[in-house]
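First the structure, in the form of structure tokens, and then the observations on it.
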Amino acid sequence: YNDPASNLGLEDIIRKALMGNLEERPD
Amino acid sequence: GAKVLACPLNACPVSGAERTSQEIWESFSQCFTPAVKEVVEFAKGIPGFQELSQQDQVMLLKSGTFQVLMVRFCTLFNAKERTVTFLNGQTYPLSTLRVLGMGSLLDAMFEFSEKLGSLGLEPDEMALFMAVVLVSADRSGISDMQAVEQLQEGLIRALRSLISRRRPDDSALFPKLLLRLPDLRTLNNMHSDKLLAFRIDP
């Protein structure tokens with residue numbers, strides 16, 4: 001079962017936002 | 001070569017052939033990333049959410065973010081007028097969106113928007129409902145199920161008491177609201193199918 005949301009990098013955005021450092025550009 | 005962009009968080013539903021997928025993605029993510037960050041900030045404000053493990057917070061947000069966004073942006077789907085407002089502020093009629101190939105997911109969003117809108121929730125009631133939506137999302141990958149269940153029960157209790165306090169004579173409102181949760185699961189599954197087909201060309 002591949003993860004549909006991974007196409008949008010959702011987990012990466014969530015992790016960075018949870019750690020409060022989304023200021024720098026996503027790589 | 002033109003591309004159809006069904007999500008109203010895009011500027012408009014069609015992007016010209018001259019724009020690459022990467023360019024389309026970058027302008028979309030200028031709206032999508034802050035919208036997701038807003039959901040995360042919202043989640044941090046839910047009493048008890050930050051007591052969950054970091055991993056459980058991530059898993060819940062991963063499975064619940066789109067459902068929260070569907071509630072948050074459901075007014076972009078005007079069921080009465082059968083129009084969708086995109087990020088450029090323009091509204092597009094159903095007929096146009098049909099020609100572009102939009103079908104069952106769009107219909108389901110109109111129906112959901114109509115049902116939720118008809119409940120006439122106050123902003124704080126809507127916010128509490130969104131909290132319930134988030135903690136009611138799919139729990140695959142969650143390690144502490146009991147903690148999430150307790151969080152959900154507490155939020156549902158709070159929602160029930162807020163609504164019954166505000167509208168003591170409308171006993172049907174709360175059950176109608178909870179019935180939106182399975183609707184959101186269905187919408188989320190339909191949306192996930194679309195996402196699986198979404199690719200950013202290298």
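Below, read A as the first sequence line, B as the second, and so on, with proteins coming before strands; counting in each chain starts at 1.
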Could you walk me through whether A/M19 and B/Q54 pass the side chain to side chain contact (heavy atoms under 4.5 Å, CB included) test, one step at a time? CA-CA 9 Å; A/M19 287 180 290; B/Q54 170 114 4; 3.7 Å; yes
Report the distance from atom [atom1] of [X] to atom [atom2] of [Y], rounding to the nearest 0.5 Å.
| X | Y | atom1 | atom2 | result |
| --- | --- | --- | --- | --- |
| B/L61 | A/I13 | CG | CD1 | 12.0 Å |
| A/L10 | B/K62 | CG | NZ | 7.0 Å |
| B/M59 | A/I14 | CE | CD1 | 8.5 Å |

Check: A/R15 and B/Q55 side chains under 4.5 Å, non-hydrogen atoms: yes
Give me the contact list for residues 38-48 of chain B versus chain A, heavy atoms only, anything under 4.5 Å, ordered by residue number. B/V40, B/E41, B/K44
List the atom pairs, with distances to 0.1 Å, where a side-chain N or O of residues 174-183 of chain B and a protein N or O form a donor-acceptor pair under 3.5 Å, not counting sequence neighbours.
from: B/R180; atom 1: NE; to: B/D183; atom 2: OD2; distance (Å): 2.8
from: B/R180; atom 1: NH1; to: B/K176; atom 2: O; distance (Å): 2.9
from: B/R180; atom 1: NH2; to: B/D183; atom 2: OD2; distance (Å): 2.9

